[in-house]
There are 2 protein chains.
Amino acid sequence: MTLTETGDAAVTEATTELTRGAGVAAWRQIADAIAAEIAAGRLAPGAQLPTEARLAERFAVNRHTARRALAALAAEGLVRTAQGKGSFVEARPLPYPIGPRTRFSENIGRAGHGAGGELIAARELPASAVVAERLGVAEGALVLEVRSRRLADGVPITAGRSYHPLPRFAGFAEAYRATGSVTAGLAACGVADYRRRSTAISARLATPEEAAALDLAPGRIVLVTEAVNVDEAGMPVQLTYGAFAADRVELRVEG
Amino acid sequence: MTLTETGDAAVTEATTELTRGAGVAAWRQIADAIAAEIAAGRLAPGAQLPTEARLAERFAVNRHTARRALAALAAEGLVRTAQGKGSFVEARPLPYPIGPRTRFSENIGRAGHGAGGELIAARELPASAVVAERLGVAEGALVLEVRSRRLADGVPITAGRSYHPLPRFAGFAEAYRATGSVTAGLAACGVADYRRRSTAISARLATPEEAAALDLAPGRIVLVTEAVNVDEAGMPVQLTYGAFAADRVELRVEG
DNA sequence: GGACATTTGTGCGTATGTATG
DNA sequence: CCATACATACGCACAAATGTC
C-alpha cells in the first residue's frame with residue numbers, strides 16, 4: 001500500500017486506481033481524492049488542477065466522470081473552474097489544535113480568523129445512559145442539551161451538541177447565546193476555569209442535518225469528536241459532540 | 001443539526017436521515033452508520049441489531065437496501081446474521097490513544113491484543129519539500145522511506161509510511177523488519193527514547209491500496225495521521241503517515 | 001406434534017442513477 | 001445529445017428457519 005494522497009501528490013502524478021461497485025460513485029471518489037490533497041495543503045490555494053482530460057487519464061475514467069468530480073468540487077466551493085483556462089484551488093485548510101486547554105475561540109483567533117459561536121437550540125431532557133456515564137450523573141437525571149454551530153470568518157467550522165448537568169448549568173444557554181463563547185457561558189455558572197479531560201475522534205459521512213449546519217455538500221466526510229470538559233475539581237461540566245468538515249479542518253494534537 | 005449517530009444509538013433509536021444522490025449509495029451509508037456504532041462501543045459484541053424491517057423503517061429505505069447494508073457488514077466480519085433469528089455484533093471496538101508517548105505496541109498490548117508490525121518495503125530517496133520541512137533536513141537530502149502495516153490479533157489496524165533522516169537511521173529498516181517494533185528499530189540507531197511532537201488528523205476515503213493493506217471493503221473511510229517523533233534532544237527521528245480504518249479504531253486524546 | 005408470529009432469504013418487475021462511448 | 005450497460009433502490013410476494021404457545 002502507498003497512502004498515495006498523503007505523502008505525495010497523487011492527483012498530479014501516476015495513475016490512481018478507483019474502487020468500482022463498492023457503493024461509492026467514481027466521480028465522488030475522484031472528488032474526495034482531490035479534496036484530500038487540498039485539505040492536506042498539498043494543493044495550495046490558487047494552484048491549477050490537472051485538465052479534465054488528464055484527470056480522466058489518471059483515474060482511468062471517461063472525461064464525463066472527471067468533469068462531474070470537478071463540478072461537485074466547484075459546487076462545494078473547493079475549486080473554481082474557468083472556461084478555457086482550467087480549474088483552480090479556492091479553499092485552504094484550517095489547523096485546529098486539540099489538547100487539555102482546547103478552546104474554540106482561542107484556536108481560531110490564534111490562526112488569524114474571526115471566531116463566533118451560534119446557539120441553535122437548547123432544551124432540558126433526561127440523560128441517556130451514555131450521557132449520564134460521561135457526565136457522572138444518574139441515568140434519567142435532567143441535563144441541558146445545547147445545539148450550536150461555530151464559525152470562522154463566517155464559514156461554519158464545526159456543528160454539534162453539548163450536554164451539561166442540571167441545575168448547575170441552568171443559566172449556560174442564555175449566557176452562551178449572549179456572548180457566543182463557551183468559556184463565558186461556563187463562567188456565568190461559576191466555572192472559573194476548565195480543561196479537556198479526553199477527546200475521542202472518529203470519522204464518517206455527514207448527515208443531511210450536519211451538511212446543512214456546516215453548509216456542506218451532502219455526503220462529505222466529517223471528523224467527529226466526543227469530548228468531556230471538567231472544572232478545576234475534576235467535575236464534568238460539559239460533554240460535547242462536534243462535527244468538523246474534513247475538507248476545511250485538520251485536527252492537531254500537540255505535545 | 002443532530003449528530004444522530006454520535007451521541008446516542010441512532011441505529012436503535014429515532015429515524016436517521018440519509019443523503020441521496022451525493023455519490024454514496026444508501027446501503028453504504030447505513031453500513032457505515034452501524035459500523036461507527038460498533039467502533040464507538042455503543043453496540044457491544046454479541047448485541048442483537050434491529051431487524052431488517054426496523055432498520056428499513058429507521059433509515060426510510062426498502063428492506064432490500066437495509067439487507068444489503070447488513071450483507072456488507074457481514075462480509076467485513078463486523079456482524080453475523082442468522083436466518084429466523086437476526087443479526088448480531090461480532091467485532092469489538094479498539095480505542096487508540098494518541099499523545100506524547102504514543103507507541104503502537106503499548107497501545108495495542110494494553111488493550112489486551114497481540115501487536116505486530118510488518119515491513120512491506122524500504123528505500124532511500126531524496127526528501128521532498130514537505131518531508132524535508134518536517135524532518136528538519138535540507139530538501140533533496142537522502143532520507144529512508146519505510147512502508148509498513150501494523151496488526152492487532154492478526155487484524156490490520158493501520159498502514160502507512162515513515163521517513164527517517166540518513167545516514168543516522170540507515171540501520172532502522174533491518175532492525176524494524178527483525179523485531180516488528182518501531183521502538184526497537186529506533187533503539188538500534190541509538191535512540192534511547194522518543195516522544196511524539198505533533199499529530200495532525202484528517203479523514204478521507206481509503207485508496208484501493210489502503211483498502212488492500214487494511215483488508216477493508218473498498219471505499220471505506222480512513223482516519224489519516226501525520227506525526228513527527230523526536231528524540232530526547234528534540235531532533236526529529238521519524239515522520240509517519242498512518243491510515244486507520246475508521247470502522248475499527250477510535251483515536252483518543254487524553255489530558 | 002400443530003398453529004402461529006417473527007425474522008431472514010429469494011424472486012421479479014420497474015424506475016432512476018452511474019459510467020461509457 | 002444519444003444509445004447502451006450496469007448498479008442502485010423500490011415494492012410486492014412468498015419461501016425458509018426460528019421460537020413460542
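Letters go in sequence order (proteins before strands), and every chain restarts at 1.
Under the 3.5 Å distance criterion, with hydrogens and angles disregarded, a donor-acceptor pair is assigned to the side chains of T81(A) and S87(A).
Base engagement by R63(B) is indicated by at least one non-hydrogen atom pair under 4.0 Å involving a base atom. Nucleic acid contact class of R67(B) (heavy atoms, under 4.0 Å, all strands): base.
A salt bridge does not link E52(A) with R54(A): none of the charged nitrogens is closer than 4.0 Å to a carboxylate oxygen. The pair R204(A)-E210(A) meets the salt-bridge criterion, with a side-chain N (NZ, NE, NH1 or NH2) lying under 4.0 Å from an Asp/Glu carboxylate O.
Without hydrogens or angle criteria, E139(A) side chain to P126(A) main chain gives no donor-acceptor distance under 3.5 Å. Q29(B) contributes a side-chain N or O that, together with a main-chain N or O of V24(B), makes up a donor-acceptor pair within less than 3.5 Å. Not a single donor-acceptor pair under 3.5 Å links the side chain of E226(A) to the backbone N or O of L239(A). Proximity of a side-chain donor or acceptor of R149(B) to a complementary backbone N or O of A213(B) within less than 3.5 Å is detected.
Judged by closest nucleotide on DNA chain C, A53(B) is the one of A53(B) and H64(B) placed further toward the 5' end.
The distance between atom CG of N62(A) and atom C1' of dC2(D), rounded to the nearest whole Å, is 14 Å.
Protein chain A touches strand DNA chain C; the 5'-most and 3'-most nucleotides with an atom under 4.0 angstrom of its non-hydrogen atoms are dT18(C) to dG21(C).
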Sequence-aligned protein contact record of nucleotides 16-21 of chain D, with B where the base is within under 4.0 Å of a protein heavy atom and S where only the sugar-phosphate is: BBSS--
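None of I201(B), T225(B), V224(B), L214(B) except one satisfies the side-chain contact (heavy atoms from CB on, under 4.5 Å) rule with F244(B); the exception is T225(B).
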